[in-house]
Amino acid sequence: MEPAENNTRSLNFIETIIEEDLQNNKNNGEVHFRFPPEPNGYLHIGHAKSICLNFGLAEKYNGLCNLRFDDTNPTKEETEYVDSIKEDIRWLGFQWENELFASNYFDQLYTWAVQLIKQGKAYVDEQSQEEISRQKGVPTRPGTESPYRNRPVEENLLLFEKMRNGEVPDGSMVLRAKIDMSSPNMHLRDPIMYRVLHAEHHRTGNKWSIYPMYDFAHGQSDYIEGITHSLCTLEFEIHRPLYDWFLDQLAEEGRPRPRQIEFARLNLSYTVMSKRKLLKLVEENLVTGWDDPRMPTISGLRRRGYTPESIREFADRIGIAKRDNVIDVGLLEFSVREHLNKITPRVFGVLNPVKVIITNYPEGKEEMLTLINNPEDDAAGTRQVPFSRELYIEQDDFMEEPPRKFFRLGPGREVRLKGAYIIKCEDYKKDENGQITEIYCTYDPETKSGSGVQRKVKGTLHWVSVQHALNAEVRLYDRLFLDEDPAGHKDRDFKEFLNPDSLKVLQNCMLEPSLKDAKQGDKVQFQRLGYFCVDKESSPEHLIFNRTVPLRDSWKRK
RNA sequence: UGCCCGAUGGUGUAAUUGGCAACACGUCUGACUCUGAAUCAGAAGAGUCCAGGUUCGAACCCUGGUCGGGCAACCA
């Protein structure tokens, strides 16, 4: 196997480590990863980065990747989240080797805890939370030792037993590792291993009244599963000495010993990424749910019309490193456009319709015109679109007093109706508000598309035949926040930066009839406008399209 | 004022491990165009946080600073 040889792309720092390990035949040349979400919320694009990293590395180096739910805190975790997480990972296109739970290891963890007690390396502390936290000291000053720190092993054993048996109330006791209260690393100041929690666990029910803390569970879970490279985000860097300390006590010779490696989490401009903040948006109904198309959640992006391929491509583009970063949301948008451009059929949809009447086109006549479905994909074929005397075009495509560089319709101007004819604006009608109500045009029968005419006009418009048009609702989504870094302001709440126009709902949009049977999730390009997909709330009676992302627009930008 | 990380165009990531900074997004030109899209061609934009040092040669090594992030939950 020569992973990197047919790929000239340079390695990121984690791949470099892995290839070194492989070369040294560390862990018998095997690599095993895991993605370890806590089932306390929905996955977001930041998790996607981690998923793509772990599963991607497993694929690249012919290894395995587990899915492990880090479910050590029953007060926050729910099955609903387990299910959504699995769905999202599968949707992204990855398959885990084993579906596991940290709670699978509660017995083993308990055994290890007892072992540490017996070795005099753990003790039961009966002080209050406040007391313990006070003794912990501050980063710049050492802590002080608990009065219970040196109680006899037998007593510790007995008390720990009581904790497990549910004989003591929540918060009354904890099991602590005996390490070093004066360590400059706060996490080494006798960290808590177990707390008493009389809570029902989503998997173990009421079996336990004590639950291990992250630090006592994570590394050992990795070890049990034979994980070789345990990848996590930077905030766990300071935990690594503790991760290693537990393994030093418990790991046996000859078994793969996991190595924790930290990388920088993803930050995206114009959004927030913390589960807490996302939960807030959901709870306060500032969005419609975890899968609101404006959310950076996987389910939100899916509903918005993103493809798994585009997200994986994005994850690939942003790279892996250790420095803090903020990725321009434009890069995400570029990634979807790139994919959608290749795969979506082009269709006509008029979002803000205004009627065009072609005065020299026979009344009652209609013809079927042949349109190319996707110029990027010959296999996509063609479709028939009805043309008739009365059409809808976009309001934006007509101006009473257009500037020179406006290539669209205006009094006396000519444009091509895509796939149809060149028309000329002869007249128009306004209502009392100055709103254009009807535009009168003549068409040139000699200019039918495909007839070989050479006459050129600068502008090309999309259109929909009035009598054949499908009525639809279209939801235009924009970024959720107006500020590049809504969570980055010390004195302002991130919600102050919500974009009031992040959703515009348009009714009575006019679509070409081929969209009649569009199904949930179908993706199309409304020509000249953007990429859209059929929302889950859509029905044949009431079509609803979400705008995934607009087309690049070098006209509007000026 | 402790400890741990980090610092390369506007944004991200690279640089064959010491050999005169590359790629992508973005921006700007232009070509093409029956999508002002896509595509194609080109341009601008950093001299690698700063100051020393080692070296024929430093983004890479050393020293000292500066700035940014993280760490004081019975959360993960």
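First the proteins, then the strands, lettered A, B, ... as listed; each starts at 1.
Residue A:T72 has a polar side-chain atom (N or O) positioned under 4.0 Å from OP1 or OP2 of B:A76. The phosphate of B:G26 has neither OP1 nor OP2 within less than 4.0 Å of any side-chain N or O from A:R317. A close approach under 4.0 Å does occur between a side-chain nitrogen or oxygen of A:R552 and OP1 or OP2 of B:U27.
Out of B:G26, B:C75, B:C71, the shortest distance to the side chain of A:K76 is found at B:C75. Closest to the A:R346 side chain, of the nucleotides B:C75, B:G12, B:U35, is B:U35. For A:P139, counting side-chain heavy atoms from C-beta on, the closest listed nucleotide (B:U35, B:C71, B:G12) is B:C71. In this structure, the nucleotide among B:A73, B:A14, B:C3 sitting nearest to the side chain of A:N12 is B:A14.
Using a 4.0 Å heavy-atom cutoff across all strands shown, A:G459 reaches no nucleic acid atom at all. Counting any heavy atom pair closer than 4.0 Å across all strands shown, A:L551 reaches a base atom. Base contact: A:Q129 has a heavy atom under 4.0 Å from a base atom. Using a 4.0 Å heavy-atom distance criterion, A:D215 is classed as making no nucleic acid contact.
With centroids closer than 5.5 Å and planes inclined by less than 30 degrees as the test, A:W555 and the base of B:G36 pass as a stacked pair.
Between B:C34 and B:A44, the distance separating the two P atoms is 31 Å to the nearest Å.
A 3.5 Å limit on both hydrogen-bonding distances identifies B:A22 as the Watson-Crick or G-U partner of B:U13.
Remark: aromatic rings of A:H201 and A:F106 are close, center separation under 6.0 Å. Ring pair A:Y214/A:H218: centre-to-centre distance below 6.0 Å.
The base of B:G36 lies close enough to the side chain of A:R408 for a donor and an acceptor atom to sit less than 3.5 Å apart.
For the pair A:R189 (side chain) and A:K136 (backbone), a donor-acceptor distance under 3.5 Å is present.
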